[in-house]
Amino acid sequence: MGNQRQHILLGLVVLVGAVGAVASVVRDTQQFEVLPIADDAMIESFGAELAEQLVMPVPDMDLDAVVAREQFAVRGLSTIGNPEEQAALVRGVVGSGLPQILAQVHQRVIAGDSLKYLGTAVHGEHKVVRFRLIAEQGGVEFFDLLIGVQHGLPVVVDSFSLNTGQWQSDAYAELLEASRGVNGRSARQVRALGEAARAGRYEEVLRLFDALPASARDLRSMWLHRVNAAAVTDDVARHMSILDEYKARFPNDPAAHILFLDAHFVREQWEAATADLDALEASFPDPFWTAMRASIAIEQDDYVGALELAEDVIRADPTLIEGPDRGLVASLAEGERKEQLLGE
């Protein structure tokens with residue numbers, strides 16, 4: 001594998017869009033209600049339907065209409081007491097103009113990313129639908145969708161990203177709390193950074209982060225954008241340095257294992273990388289983590305063990321390219337080693 005970074009792409013597109021709206025509070029005391037959660041049968045049926053629609057070139061379903069965008073903010077407002085700020089946050093989310101999560105995933109699938117529906121799972125108190133998205137250029141995302149009921153029909157009311165370690169509703173609540181001290185100019189800078197991240201201008205993201213005022217640099221979402229931008233550039237040393245800074249600033253981060261898996265690979269800290277994979281597999285079981293274990297085995301010259309792990313991946317998920325890829329690398333390396341032994 002050549003000590004290749006296993007960089008993880010972060011699902012942060014929606015988060016920063018509401019900052020400007022929150023910073024200048026809208027005078028509106030309208031109250032918003034939390035929608036009820038769908039029953040198990042509706043969740044299972046809707047999850048299967050979403051899985052089919054998201055891989056169609058032209059979905060039959062209106063992907064924007066089945067996401068209750070305001071609920072992503074509403075569900076996070078239980079601890080926020082000011083109704084004006086509540087309304088501002090909800091309006092900021094609804095009117096942000098950012099892509100809906102499903103439309104964004106569909107665009108990525110059409111562009112070449114690989115989406116896998118993992119079925120339903122239990123997350124906390126609720127059943128959710130779970131997906132894995134592997135980017136064409138490398139990196140993986142896992143996300144859960146919480147399904148509610150609106151006018152008798154299923155809708156997405158919240159999303160959880162393994163890559164950020166939190167529900168979107170919690171992220172909005174944090175954003176509201178943090179942005180109370182962000183002025184208008186800072187809000188514009190935050191929005192500019194978010195736009196650069198969505199457009200894939202990663203060097204610009206890093207420059208914009210360095211120019212942020214201290215109040216905006218305290219936002220965890222800005223740091224996650226910075227980590228993600230550093231991960232997909234060629235400067236490995238800078239990426240490792242930024243990860244170290246992130247760890248020092250957020251020592252108990254909920255996404256620590258998936259973020260620092262990258263650093264543990266680069267630094268050949270295989271025990272720590274294995275601990276990361278243990279934790280990730282416990283929370284989001286998936287053969288992708290087995291493929292990463294095969295990568296560790298290859299790096300440690302355990303080619304037979306890597307082949308066995310690769311075969312496990314292929315049996316568990318024949319669609320996962322990482323299985324045959326790791327198997328091929330291990331097989332070639334083991335063949336080369338045998339030839340060297342015969343030649344001695």
Common cluster, M42/V155, ILVMFWY with side-chain heavy-atom separation under 4.5 Å: no
Validation row, ring centre W167 to ring centre H123 under 6.0 Å: yes
Test side-chain contact (heavy atoms from CB on, under 4.5 Å) applied to D312 and R315, step by step: CA-CA 5 Å; D312 289 342; R315 280 192 295 269; 2.4 Å; yes
Shortest non-hydrogen contact between N163 and E141, atoms and distance: OD1-CA, 3.4 Å
Least distance between heavy atoms, L243 atom then A263 atom: CD1-CB, 3.7 Å
T290 side chain reached by E281 side chain, heavy atoms, under 4.5 Å: yes
Student check: side-chain heavy atoms of V304 and E334 closer than 4.5 Å: yes
Gap separating the CD1 atom of I258 from the CG atom of D253, nearest 0.5 angstrom: 11.5 Å
Non-hydrogen atoms of L206 and A230 that approach each other most closely: CD2-N, 4.2 Å
Shortest non-hydrogen separation from A103 to D64 and the atoms involved: CB-OD1, 3.7 Å
Verdict with supporting geometry, Y202 and N228, side-chain contact (heavy atoms from CB on, under 4.5 Å): CA-CA 8 Å; Y202 296 116; N228 186 49; 4.1 Å; yes
Hydrophobic cluster identity match, L50 and F143, side-chain contacts under 4.5 Å: yes
Main-chain N/O of M61 paired to Q53 side chain as donor or acceptor, under 3.5 Å: yes
Hydrophobic cluster identity match, L219 and I242, side-chain contacts under 4.5 Å: yes
Geometric cation-pi criterion R226 and Y246, 6.0 Å radius, 45° cone: no
N-O pairing of D244 and K247 below 4.0 Å: no
Worked check of side-chain contact (heavy atoms from CB on, under 4.5 Å) between K127 and E44: CA-CA 9 Å; K127 180 173 281 191; E44 291 171 4; 3.0 Å; yes
L145 and its side chain to side chain contact (heavy atoms under 4.5 Å, CB included) partner, picked from D158, V67, I101, I43: I101
Close side-chain approach of R75 to L146, heavy-atom, < 4.5 Å: yes
Minimum heavy-atom distance V66-L63, with the two atoms named: CG2-O, 3.5 Å
Charged N-O contact under 4.0 Å between D278 and R293: yes
I296 vs D302 side-chain heavy atoms within contact, under 4.5 Å: no
Aromatic plane relationship, F284 with F142 - under 30° parallel, 30 to 60° tilted, over 60° perpendicular: perpendicular
Same apolar cluster: V156 and V149, side chain cutoff 4.5 Å: no
Residue pair V129 / G47: nearest heavy atoms and the distance that separates them: CG1-CA, 3.5 Å
Check ion pair D210-R238 (N to O, under 4.0 angstrom): no
Whether F265 and W270 hold their rings parallel, tilted or perpendicular, with breakpoints at 30° and 60°: perpendicular
Backbone of V34 reached by a side-chain donor or acceptor of Q71 within 3.5 Å: no
Same apolar cluster (I L V M F W Y, side chains within < 4.5 Å links), M292/L307: no
Side chain to side chain contact (heavy atoms under 4.5 Å, CB included) partner of P287, the single match among L309, L320, T319: L320
R217 side-chain N/O to L212 backbone N/O, donor-acceptor pair under 3.5 Å: yes
D286 side chain reached by V140 side chain, heavy atoms, under 4.5 Å: no
Test log, rule side-chain contact (heavy atoms from CB on, under 4.5 Å), inputs F288 and I134: CA-CA 10 Å; F288 182 87; I134 299 179; 4.0 Å; yes
